[in-house]
Amino acid sequence: DNIFLNLKHMRKILLSLAAIGLCGVVATAQTLKDPATYAPTASGEQLTNLYLNSAVLNGGRPVYPGGVQGDARGMAVVGGKMYVCNRGAGGTSQLVELDGTTGALLRTIELPEEMWKDGEAKLGFIANDVQVDDAGHLFVANMATDMRGEGTAHTLRINYVDVSQNPVTYRTVFNATLPTTFEKSMRVDTYDIHGDILNGKGIIMLPISGNEPGAGNTVIKYKVSNGVADVANPQTIVLAEFNPNKATAAGAAPRINIVDDELFYHDGFSTMPMLYDMNGSVVDGFQNNVPLTPAATGQNGVTEFELNGSYYLIVASTNTNNEPPQAFDLFKFKDDGRSFADMQLLYRFPEAGLGAVANAVRTALPRVEVVEGADGQKKARINLYAYRNGYGIYEFTNSSATSVKLQTTEGLNFTVNGRTVTVNTQAKEINLFAVDGQKVATSADGRTVKAPAKGVYMLSIQAADGSKKATKLVIE
């Protein structure tokens, strides 16, 4: 009898454990969605949520990417997957890999401990930010609370990580401190990269955190060639002014979005997103379209993208104490001139916001990946991540504007919108030549090139495989 009772008891325990396990599986696989619907715009744009895991949909509780707890301050997107860098328990560093359409946790990728060491000395605040270069390479950096001085306490390190390898392999492309001649503390929370950092030429830019001029109005720029940053020759960029114009520094954890070799956006805790040139002079910003100014400063994130010949801007528009809390604004520029003065607001999303959980690290990131869509058109996947308030992906489509002409000639497919030519596949090199044979424009991103004026040009394209093609082009 005792044996029979024990067996009965054991059976109940096993059934209970199975039920608990099943519930765990269901909770992990559950995909939440933004309950709001977004009407198409008059010009044919459509925003559709694919999934949304937010504090708003989680009863106001904090949300961790993939359910992996830790300190996750940066997010990047490549190859249809979202990667969030994370400082785990016990000083570990990870990349949380999420499916790009469902948000499902694919892997928690442990990063090598030696990535963050000089001998036995450890760098501080490891895995603080993650970025992807224009060639699709993934990079992870630590945070330096003050880059002035020598040793690991002052070192900022950026590592390329190959997540296709198991275990992950890495290569350090940037390892630097700054001289003590800088008068203010040079804290670096975030960074941005442009070009092919690993196998070509590119730039790394570091926005300095701080509430005083001499730090918070400063950006440090480095050139990179074939995976080696020229750390001996940094360029100091002093930002001429901010919005609001009474601000003299960016504040905490500013973010940069590099547009090309000549322009970048800067967004700080105390400032609105603003477009600058590489000398720090103001090019454009919400001061030129005050009614569309974001609801508040305080959360940092901005990105610009092109889709089927039209240009768009996304900014973190509300803070955690606004209504809706932690939301984003999607704007459309009138044309390839990309002027703030005549851009229009298309959507504020999520409609209910992501959440009101405290976001002391100021991370509110929009990241866009352009992928193949229907009928030969591209579509954009807008990835959102706000620290402990959630993450999700929205699909964004647009109809071809009448000003955009699709041309197919000499085996080349490209669109012309105003003076901007967009090639439909990634190219190694794109150049425009005048009728006298003089080169007048070169692509910085391998996709687009802008003619200096109306006229007749020769479009020359070197494909990724090295083959070259050219065709006559008329800019009207």
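What you see is a predicted model; the values in this text were computed from it and never measured.
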Asker: Would you call D129 and R255 a salt bridge, taking side-chain N to carboxylate O under 4.0 Å as the test?
Answerer: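 Looking at D129 and R255, the cut-off is met.
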Asker: Whether the side chain of T420 engages the backbone of K450 through a donor-acceptor N/O pair (distance < 3.5 Å, no angle test) should be reported.
Answerer: no
Asker: Verify, without hydrogens or angle tests, whether R157 (side chain) and M115 (backbone) share a donor-acceptor contact under 3.5 angstrom.
Answerer: yes
Asker: Any chance the rings of Y170 and Y160 have centres within less than 6.0 Å?
Answerer: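 No, the ring centres sit 6.0 Å or more apart.
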Asker: Hey, is the main chain of R73 close enough, under 3.5 Å, to the side chain of T363 for a donor-acceptor pair?
Answerer: yes
Asker: Show your reasoning for whether salt bridge (Lys or Arg N to Asp or Glu O under 4.0 Å) applies to R338 and D336.
Answerer: CA-CA 5 Å; R338 289 171 282 178; D336 62 349; over 6 Å; no
Asker: What do you reckon, is NZ of K428 surrounded by more than 12 foreign heavy atoms closer than 6.0 Å?
Answerer: no
Asker: Go through the steps for Y311 and F331 under the test ring-ring contact (aromatic ring centres under 6.0 Å, His included), then give the verdict.
Answerer: CA-CA 9 Å; Y311 294 85; F331 302 95; over 10 Å; no
Asker: When the aromatic ring centroids of F174 and Y191 are compared, is their separation below 6.0 Å?
Answerer: no
Asker: Going by distance alone, is a donor N or O of one side chain under 3.5 Å from an acceptor N or O of the other, for D134 and H194?
Answerer: yes
Asker: State whether a side-chain donor-acceptor pair under 3.5 Å links Q326 with N319.
Answerer: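 Distance-only check fails for Q326 and N319.
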Asker: Going by the angle between their ring planes, with limits at 30° and 60°, are F305 and Y312 parallel, tilted or perpendicular?
Answerer: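 Correct class here is parallel.
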Asker: Could you go through K184 and E212, starting from their C-alpha distance and side-chain angles, then the distance that decides it, and tell me whether this counts as salt bridge (Lys or Arg N to Asp or Glu O under 4.0 Å)?
Answerer: CA-CA 8 Å; K184 306 292 184 181; E212 296 180 288; 3.6 Å; yes
Asker: Where the side chain of N142 meets the backbone of T155, is there a donor-acceptor pair that is under 3.5 Å apart?
Answerer: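 It does hold such a pair.
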Asker: Verify, without hydrogens or angle tests, whether N308 (side chain) and K378 (backbone) share a donor-acceptor contact under 3.5 angstrom.
Answerer: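 Checking the backbone N and O of K378 against the side chain of N308, a donor-acceptor pair under 3.5 Å is found.
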Asker: Do K81 and D99 come within less than 4.5 Å of each other through their side chains, counting heavy atoms only?
Answerer: no
Asker: Tell me yes or no: between the side chains of N398 and E45, is some donor less than 3.5 Å from an acceptor?
Answerer: no
Asker: Do Y51 and Y394 have ring centroids that are under 6.0 Å from one another?
Answerer: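 Distance test on ring centres: not under 6.0 Å, no.
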Asker: Do you know which two heavy atoms are closest between M458 and A470, and how far apart they sit?
Answerer: SD-CB, 4.0 Å
Asker: Looking at D436, I want to see if its CG is surrounded by more than 12 non-hydrogen atoms of other residues, nucleotides or ligands under 6.0 Å.
Answerer: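 Yes - once you tally the heavy atoms of other residues, nucleotides and ligands closer than 6.0 Å, there are more than 12.
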Asker: What do you reckon, is CD of Q235 surrounded by more than 12 foreign heavy atoms closer than 6.0 Å?
Answerer: yes
Asker: Give me the ring orientation class for Y276 and F264: parallel if the planes are under 30° apart, tilted from 30 to 60°, perpendicular past 60°.
Answerer: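 Y276 vs F264 ring planes: parallel.
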Asker: Around Q165, counting heavy atoms of other residues, nucleotides and ligands shown, do more than 12 lie under 6.0 Å from its CD?
Answerer: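 Result for CD/Q165: enclosed.
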Asker: Would you please say whether a donor-acceptor pair under 3.5 Å links the side chains of E369 and N383?
Answerer: no
Asker: Restricting to non-hydrogen atoms, name the atom on S43 and the atom on K332 that form the minimum distance, rounded to 0.1 Å.
Answerer: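 Between these two residues, the closest heavy atoms are OG-NZ, 3.3 Å.
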Asker: Assess, by modelled atom type and distance only, whether the side chains of N233 and D230 contain a donor and an acceptor separated by less than 3.5 Å.
Answerer: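 A pair is found: one side chain offers a donor N or O, the other an acceptor, under 3.5 Å apart.
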Asker: Show the nearest heavy-atom pair for residues V282 and M274, with the distance to one decimal.
Answerer: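 Heavy atoms only, the tightest pair is CG2-SD, 3.5 Å.
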Asker: Would the number of heavy atoms belonging to other residues, nucleotides or ligands and lying under 6.0 Å from CZ of F182 be above 12?
Answerer: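 Yes - once you tally the heavy atoms of other residues, nucleotides and ligands closer than 6.0 Å, there are more than 12.
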Asker: Just wondering, more than 12 heavy atoms not from K223 lying within 6.0 Å of its NZ?
Answerer: no
Asker: Just checking, is any N or O donor in the side chain of N128 or R87 under 3.5 Å from an acceptor N or O on the other one?
Answerer: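 Result is yes, a qualifying pair exists.
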Asker: Looking only at heavy atoms, which two atoms of A380 and V368 are closest? And how far apart?
Answerer: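 In this case the closest contact between A380 and V368 is CB-CG1, 3.9 Å.
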Asker: Ignoring hydrogens, what is the shortest heavy-atom contact between T271 and P244? Give both atom names and the distance.
Answerer: CA-CD, 4.3 Å
Asker: Write down the atom of E351, the atom of D34, and the distance for their closest heavy-atom approach.
Answerer: N-OD2, 4.0 Å
